[in-house]
A.B. asks: 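Structure in structure tokens, see below.
Letters A, B, ... mirror the listed sequences (proteins, then strands); counts begin at 1.
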Amino acid sequence: MIAIEAVSKTFETEKRRRLPALCDISLAVAAGEFVSILGPSGCGKSTLLYIVGGFVAPSAGAVTVNGQRVTGPSPDRGPVFQEFALFPWKTVLGNVMYGLQRQGVARQQALARARELIAMVHLAGYENLYPKELSGGMKQRVAIARTLAYRPSILLMDEPFGALDAHTRTRLQNDLLDIWERDRKTVLFVTHSVEEAVFLSDRVVTMTRAPGRLKQIIAIDLPRPRSRAALLLDRRFQDYVVGIERLMDSADSGAPA
Amino acid sequence: MRARSGIATVVLIGALPIALIVGVWHVLAATGMAPPSLLPAPSAVAARLVQQWSSPAYLEHAASTLLRLFAGFGIAVIAGIAIGVAVTASRWVGATVTPLVRVLAPVPKIALYPAFILTLGFGDASKIALVVADAVFPILLATAQGTAAVEPKLAWSAQAAGASRWRCLLTVVLPAALPSVLTGCRIGLVISCIVVFLAEMITSTDGLGHLLVRAARSFQTVDMFVPLITISLLGLLLNAGFNAVRRRLLAGFPETTE
Ligand SMILES: Nc1ncnc2c1ncn2[C@@H]1O[C@H](COP(=O)(O)OP(=O)(O)OP(=O)(O)O)[C@@H](O)[C@H]1O
Ligand SMILES: [Mg+2]
């Protein structure tokens, strides 16, 4: 379980100006829960994810995971970054292998698992290409495989499907749901797409514009396993999407900080 | 990736100014505008070059120069990268080394040469020390700057995967900074070529620099040109070798213009 307790973050900029990014965020995420975070650009969604990941320290408040205070990164919390952050000098296979090697998995086993993961994200045959030789969507899939490789129980995903075409996006959403249904990982998922958030999540968290505060948390009471085709025709799905979009609009039109 | 014919064109265009210089040189020498005692004909130099390159004594001199060059450059690479990484990795090292580097980097290292000779003697060690002193700074600075500029999310990805700080530094931060590090190394290599020659010119009993000074003292202009051309060709060769290594190491990085 993730407990975010009264977390605030203020950045000190180069010229010693103080830049508030997050303001008093409290949120509890249950084990195995899928929670999406929606908010206007620059409201601190990535920052919140970095704090939970232990990459950035909060200015105030704390994050605990299963009762233990987060003080740094751990393989239990796997990030998938907005900008992929693949290792450019490693091939697809090398990137996916990295975490397995750090976990001390024997080479043969690691190779087998890496190939399995690469096939799972539909990249079989691309093992020996470098990231620069891949499209944006392919890079993102490698990044997801690289993180899944070391079996984190918590996934911290920052707009993982943001750069993808609609078709690939839908396919990866379904793949992610499959993985999630199977392994019941806890997922904290940042997105700009209301539809995506509703489709995937148990709960959707909306944030105000910067400095980000929690605006409203909406529980998505839709049956699982979910099928996109069925949901698109489902009145309740449509209501959630329209309702949250309205809420977001009111967040955007709020007075600038 | 450039086509093979494209590479040939580039090489051709690159050879043009060199051919021009040799041409002008030839005309100057042939027309007697420059007296042969000062400027020998390129053909005379070329003939001597071929003769010398098959002479074991000459090759021994070249080998001494190369040995000092490689030893000095090698130590500079290892020390420069190690210190450069440490400057980025540790606030303490950064705080102590950075001012030191700022003070030492602009000092003309040749001014330290007498001190090196006094402490290390007239042999190889003092010359190697001078090469190291000159070549280490560009490598160190490029490494420190390159590693500091590495996208933090690369390091985070590694740490989340379970890499320790050290692991992360060696397996992610340093490789990610490699384009910058290698640029520093290339500058260091050119400097090494210059400095080893210079050191041999100042005090030596062997090496290409020594041959040049010896020839100059006895006004043998042809023999002055031979070591000069040898070191410049060696530099060209080393640079080509360096580029081959660089291309291999940077296979995954976006291509850069050189
Ligand atoms: N390292 C940093 N130094 C200073 N300010 C920062 C830093 N990182 C983020 N910020 C500021 O914090 C705020 C939140 O940034 P963040 O990247 O978390 O937003 P976001 O919600 O993820 O935006 P987007 O949806 O565009 O990705 C922004 O105003 C940004 O300028
Ligand atoms: Mg973001």
A.B. asks: Side chains of B:V131 and B:S192: does their closest heavy-atom pair fall under 4.5 Å?
C.D. replies: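 A side-chain contact under 4.5 Å exists here.
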A.B. asks: So which part of A:E83 gets closer than 4.5 Å to some heavy atom of chain B, the side chain, the backbone, both or neither?
C.D. replies: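 Side chain only.
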A.B. asks: Give a yes/no verdict on a cation-pi contact between A:K9 and A:F11, requiring under 6.0 Å between NZ or CZ and the six-membered ring centre and an angle within 45° of the axis.
C.D. replies: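 Checked: cation-pi criterion met.
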A.B. asks: Below 6.0 angstrom between ring centroids: does that apply to A:F55 and A:F81?
C.D. replies: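 Yes; A:F81 has its ring centre under 6.0 Å from that of A:F55.
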A.B. asks: Can you tell me how far apart CD (A:Q68) and CG (A:D76) are? Round to the nearest 0.5 Å.
C.D. replies: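 With rounding to 0.5 Å, CD (A:Q68) is 9.5 Å from CG (A:D76).
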A.B. asks: Do you know which of A:F87, A:F84, A:W89, A:Y50 has the most heavy-atom pairs with chain B at a distance under 4.5 angstrom?
C.D. replies: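 Highest number of pairs under 4.5 Å: A:W89.
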A.B. asks: Any side-chain heavy atom of A:M120 within less than 4.5 Å of one from A:D175?
C.D. replies: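 A side-chain contact under 4.5 Å is absent here.
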A.B. asks: Using non-hydrogen atoms only, which part of B:T171 is less than 4.5 Å away from chain A: side chain, backbone, both, or neither?
C.D. replies: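 Answer is both: backbone and side chain atoms of B:T171 are under 4.5 Å from chain A.
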A.B. asks: Which residue pairs pass the salt bridge (Lys or Arg N to Asp or Glu O under 4.0 Å) test when at least one of the two sits in residues 62-72 of chain B, sequence neighbours left out?
C.D. replies: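 Output for this query lists B:R68-B:D124, B:R68-B:E200, B:R68-B:D206.
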A.B. asks: Go through A:G99, A:G54, A:A85 and name the one with the most non-hydrogen pairs under 4.5 angstrom from chain B.
C.D. replies: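 Among A:G99, A:G54, A:A85, the one with the most close pairs to chain B is A:A85.
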A.B. asks: Taking side chain as C-beta onward, heavy atoms only, is A:L172 less than 4.5 Å from A:L176?
C.D. replies: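 Of all side-chain heavy-atom pairs linking A:L176 with A:L172, none is under 4.5 Å.
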A.B. asks: Among B:V172, B:L178, B:L249, who wins on heavy-atom pairs under 4.5 Å with chain A?
C.D. replies: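 Most heavy-atom pairs within the cutoff with chain A belong to B:V172.
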A.B. asks: Does any backbone or side-chain atom of A:L100 lie under 4.5 Å from a heavy atom of chain B? Answer side chain, backbone, both or neither.
C.D. replies: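 When you check distances to chain B, no heavy atom of A:L100 falls under 4.5 Å.
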A.B. asks: At their closest point, which heavy atom of A:R18 faces which heavy atom of A:P20, and how far apart are they?
C.D. replies: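 Nearest heavy atoms, A:R18 then A:P20: O-CD, 3.6 Å.
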A.B. asks: Counting only non-hydrogen atoms closer than 4.5 Å, can you tell me which residues of residues 137-157 of chain B sit against chain A?
C.D. replies: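 Within residues 137-157 of chain B, near chain A: B:K153, B:L154, B:W156, B:S157.
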A.B. asks: Any chance you could lay out the side-chain contact (heavy atoms from CB on, under 4.5 Å) test for B:K127 and B:Y113, step after step, and finish with the verdict?
C.D. replies: CA-CA 8 Å; B:K127 292 176 189 64; B:Y113 194 38; 3.3 Å; yes
A.B. asks: Is A:R151 atom CZ crowded by more than 12 heavy atoms from other residues, nucleotides or ligands, each under 6.0 Å away?
C.D. replies: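 No, not enclosed.
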A.B. asks: Contact between B:L234 and B:F197 at the side-chain level, heavy atoms closer than 4.5 Å - yes or no?
C.D. replies: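 No. Closest side-chain heavy atoms not under 4.5 Å.
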A.B. asks: For the candidates B:G162, B:P175, B:A160, which exhibits the highest count of non-hydrogen atom pairs separated by less than 4.5 Å from chain A?
C.D. replies: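 Most heavy-atom pairs within the cutoff with chain A belong to B:A160.
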A.B. asks: Find the one option among B:A158, B:A163, B:G252 whose heavy-atom pairs under 4.5 Å with chain A are most numerous.
C.D. replies: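 With the most close heavy-atom pairs to chain A, the winner is B:G252.
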A.B. asks: Which residues pass the salt bridge (charged side-chain N to carboxylate O under 4.0 Å, His left out) test with A:E181, not counting sequence neighbours?
C.D. replies: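 A:R184.
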A.B. asks: Among the options A:P79, A:A143, A:S74, A:P131, pick out the one with the most heavy-atom pairs lying under 4.5 Å from chain B.
C.D. replies: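 Of the candidates given, the most pairs with chain B belong to A:S74.
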A.B. asks: Under 4.5 Å, heavy atom to heavy atom, which residues of residues 89-108 of chain B contact chain A?
C.D. replies: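 Heavy-atom contacts from residues 89-108 of chain B to chain A are absent.
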A.B. asks: How long is the gap from CD on A:E127 to OG1 on A:T91, to the nearest 0.5 Å?
C.D. replies: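 The distance works out to 9.0 Å.
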A.B. asks: For A:W180 and A:V187, what are the C-alpha separation, side-chain angles and deciding distance, and is it a side-chain contact (heavy atoms from CB on, under 4.5 Å)?
C.D. replies: CA-CA 8 Å; A:W180 180 77; A:V187 183; 3.6 Å; yes
